[in-house]
Amino acid sequence: MSNKYDTSLTIDLPSMFEHAAAEWGGDGDALIAYRSSDIDGDMARWSRAQLAADVRRTATLFKGYGLDSENRIALLLPTIPEIHLLLWGGMSVAGVALINPLLQIEHILHLLDELEADILCVPTHRTSPTLAAVVRQINEARPKLRMLTVGAGGDFPAMLQQAPIDVTYDFERPADALAALFHTGGTTGRPKITPLSLANLTCGAQALTPALAFSMKDRFFSPLPLFHIAGAIVGGLAPLLAGTAVVMPAPAGMRDPNILASFWRLLEKEHVTMMVAVPTSIAALCNVGVDGADLSALDYVLTGTAPLPLETARRFSAVTGKEVHTGYGMTETSGVIAYAPRNGPARPETAGEPLVGVHVRIEPISVQHTLVGRVMVKGANVFHGYLGGAKRSADEWFDTGDLGLLSEDGWLTLTGRSKDLIIRSGHNIDPALIEEVAARHADVVLAAAVGLIDDYAGEVPALYVELRAGADEVKALAELAALLERDVSEPPARPKIIEAIAAMPTTAVGKIYKPALRLAAANKRIKRLFAEEGIEPASIEAKADLGGAITIQAVLHARDKLNADKMSKLINRFPVDADVTVSAEQAM
């Protein structure tokens, strides 16, 4: 792997940004950020020289606070451009933790405690009215935590202007110094924290640059949130250090329907040459007409964070005339593992080609199936262990938890998550087999197959679909059932239930959140079990622990007290734990 900056010794991030400005031209655009969904409204721009200067000023500001490698700066912010200053400037001095602002308050407080944050950067009320209540709660719960307000009317803009750029501070840090802490999960259970070193991040960015062929002429549109590794590296550090301008939409990103509606006009206005969007956003864009927008500059469309259904790729190409390229990475690998190169074929059925310096091998899951197995990764971009967990050596292979195979020419194809496999009486079913067929139906926008708990087979397939607006649900589901019966070649893989839902549950970054669907399916199955026994519980809820194990919590009316033990035994025939109690209030 080309290593322009010698990460075996020390790394000086402010100097790296200054080097980019000197090499690619300081006057050229580095960062273009829209403050609202009105593409003709307020926006902010940084030239390469201005961005480099503000990164150094931010580092100087934190250095002036007396911070060093032992300290940690936490960012709880919407996706605003100032995060780039705080992230890269903060990493020049200390460890920076990015927290998803959509997390529940108890998870945020837990993360702050685990991180032992010294400073928390929060938005001003004008910048994010929706986060104001969360900030107040944090202030009340952790009154000694120092806060730095960011955005219009905040402390940070004023202090940044006053921060001297000519102060002689040494921003060289050891390559293995803690740079950033990203958290995974957090929707159910406690988030897991992934520390990444300066070498991890810079090597990841450098590995990505030749594959995506970033240049000073490019303008890269990235709506990905910066608390996610893909937003920070793929849509941040990698293009910025390569002289490519990054275009950011309003803070809500693709969750804002107004941004979706004006998407192609924005790309035309900014002469975007490259864009990235998660598969759910790619699917949504299939229903947004280009309406004559000039997309001639756009020559690379990238998606990742989750598998892309082939039918979605076909639809997108039919609407836009552009192929969709795929990329694959994860937090633990600094966001990079394999990407379809810009100057090569798209091949959306794959996850891409392993990047230079990133080593991939397949560990077979059984002696009968030697081609498909667990995807194992090794390289300078791979982390050295979770916060508070066992440390990994640089030569140790990392188990991604994904299943896949390598083709003869070295391209990686993902066949599913090991934890997403539907195991029916010992038969491993890849949900993608079902989802690919479902996506062929013209009315299906999104499809997700999950395991439905079963008292005989352990699990059977269940399919949830989000239909396009105006679709005839009854007709669409009937046609879908026939399509699946015909085209899903393995009978055990044919879904036992097919259900349309108003909106597919997704994570903050836009991935389909399958645990919520599994819980919904489990809830429905156990409710049916109670109905079959003629019992109407006072309440019933399916819950899952961090490992995904499901517990059914049911409360019976006093009149059904004698059935509590019976129902516990019936539920425990399924691969779940049962907690059946009687309402104390009604039993009195």
Side-chain angles (χ1 to χ4, degrees), residues 211-213 218-224 230 234-235 247 249 253-254 259-328 338-353 407 409 411-414 432-448 465-469 471 480 483 487 504 506 510-512:
L212 270 59
D218 282 317
R219 301 172 78 79
F220 185 26
F221 178 81
S222 175
L224 302 177
V234 182
V247 181
M254 300 296 279
I259 291 176
L260 199 64
S262 59
F263 186 87
W264 302 118
R265 243 182 3 111
L266 174 59
L267 265 59
E268 178 185 32
K269 178 185 175 184
E270 291 295 340
H271 306 288
V272 167
T273 60
M274 310 171 71
M275 63 164 280
V276 61
V278 298
T280 50
S281 296
I282 293 289
L285 287 169
C286 292
N287 298 316
V288 179
V290 174
D291 294 332
D294 182 2
L295 302 180
S296 57
L298 182 64
D299 69 7
Y300 187 72
V301 178
L302 174 66
T303 193
T305 76
L308 175 72
L310 285 177
E311 185 60 29
T312 301
R314 293 189 193 102
R315 287 183 188 176
F316 185 88
S317 296
V319 170
T320 66
K322 309 292 181 179
E323 288 188 307
V324 184
H325 294 69
T326 50
Y328 169 53
Y339 282 76
R342 184 176 182 179
N343 298 319
R347 295 173 66 168
E349 73 279 5
T350 76
E353 187 176 28
S407 64
D409 60 354
W411 283 59
L412 176 66
T413 296
L414 299 179
L433 296 174
I434 305 166
E435 294 159 356
E436 286 287 356
V437 174
R440 295 176 198 160
H441 194 285
D443 288 334
V444 173
V445 176
L446 296 171
V465 294
E466 180 182 325
L467 301 177
R468 66 172 179 81
L480 190 55
L483 177 66
D487 289 354
M504 195 68 71
T506 58
K511 294 183 185 180
I512 293 177

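Here, residue 1 is the first one in the sequence, and each next residue gets the next number. Values below: every heavy atom of this structure, side chains too, minus hydrogens, waters and symmetry copies.
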If you take all heavy atoms of Lys322 and Phe316, which pair is closest and at what distance?
O-CD2, 3.6 Å
Hits for side chain to side chain donor-acceptor pair (under 3.5 Å) against Asp218, two or more places apart or cross-chain, chain-then-number order -> Ser215, Thr273, Arg342
Distance-only check: which donor-acceptor pairs under 3.5 Å involve side-chain atoms of residues 285-295, not counting sequence neighbours?
| residue | atom | partner | partner atom | Å |
| --- | --- | --- | --- | --- |
| Asp294 | OD1 | Ser296 | N | 3.0 |
| Asp294 | OD1 | Ser296 | OG | 2.7 |

Output, in order, the C-alpha distance, side-chain angles, deciding distance and verdict of side-chain contact (heavy atoms from CB on, under 4.5 Å) for Glu323 and Val301.
CA-CA 7 Å; Glu323 288 188 307; Val301 178; over 6 Å; no
Heavy-atom closest pair, residues Gly304 and Pro279:
O-CD, 3.0 Å
Partners of Ser407 by side chain to side chain donor-acceptor pair (under 3.5 Å), sequence neighbours excluded?
Asp409
Please name the residue in the list Leu212, Leu298, Val247, Leu302 that meets the side chain to side chain contact (heavy atoms under 4.5 Å, CB included) test with Met274.
Leu212
Can you name the residues that form a salt bridge (charged side-chain N to carboxylate O under 4.0 Å, His left out) with Glu353, not counting sequence neighbours?
none
Between Ser222 and Pro249, which heavy-atom pair has the shortest distance, and what is it?
O-CD, 3.5 Å
Close side-chain approach of Thr326 to Thr303, heavy-atom, < 4.5 Å:
yes
Could you list the residues that satisfy side chain to side chain donor-acceptor pair (under 3.5 Å) with Arg265, not counting sequence neighbours?
none
Partner set under ring-ring contact (aromatic ring centres under 6.0 Å, His included) for Phe221, not counting sequence neighbours:
Phe263
Could you tell me which residues satisfy side-chain contact (heavy atoms from CB on, under 4.5 Å) with Thr413, sequence neighbours excluded, listed by chain and number?
Thr350, Leu405
Sort and list the pairs that fulfil ring-ring contact (aromatic ring centres under 6.0 Å, His included) and have at least one residue in residues 265-286, not counting sequence neighbours.
none
In short, Ala346 meets Ala340 closest at the heavy-atom pair O-CB, 3.6 Å
Among all residues two or more places apart in sequence or in another chain, which pass the side-chain contact (heavy atoms from CB on, under 4.5 Å) test with Ala277?
Met275, Ser281, Ile282
Side-chain touch Val278/Met254, heavy atoms, less than 4.5 angstrom
no
Give a yes or no on whether the backbone of Leu446 and the side-chain of Glu466 come within a donor-acceptor separation of less than 3.5 Å.
no
Which residue pairs satisfy the ring-ring contact (aromatic ring centres under 6.0 Å, His included) criterion with at least one member in residues 279-300, sequence neighbours excluded?
Tyr300-His325
Non-hydrogen atoms of Ala351 and Leu414 that approach each other most closely
CB-CG, 3.9 Å
Partners passing side-chain contact (heavy atoms from CB on, under 4.5 Å) against Ala471 (at least two apart in sequence or in another chain)
Asp443, Leu467, Arg468
Nearest heavy-atom approach of Val324 to Pro348 is O-CB, 3.8 Å
Applying side chain to side chain donor-acceptor pair (under 3.5 Å) to Glu270 and not counting sequence neighbours gives Tyr34, Arg45, Arg219
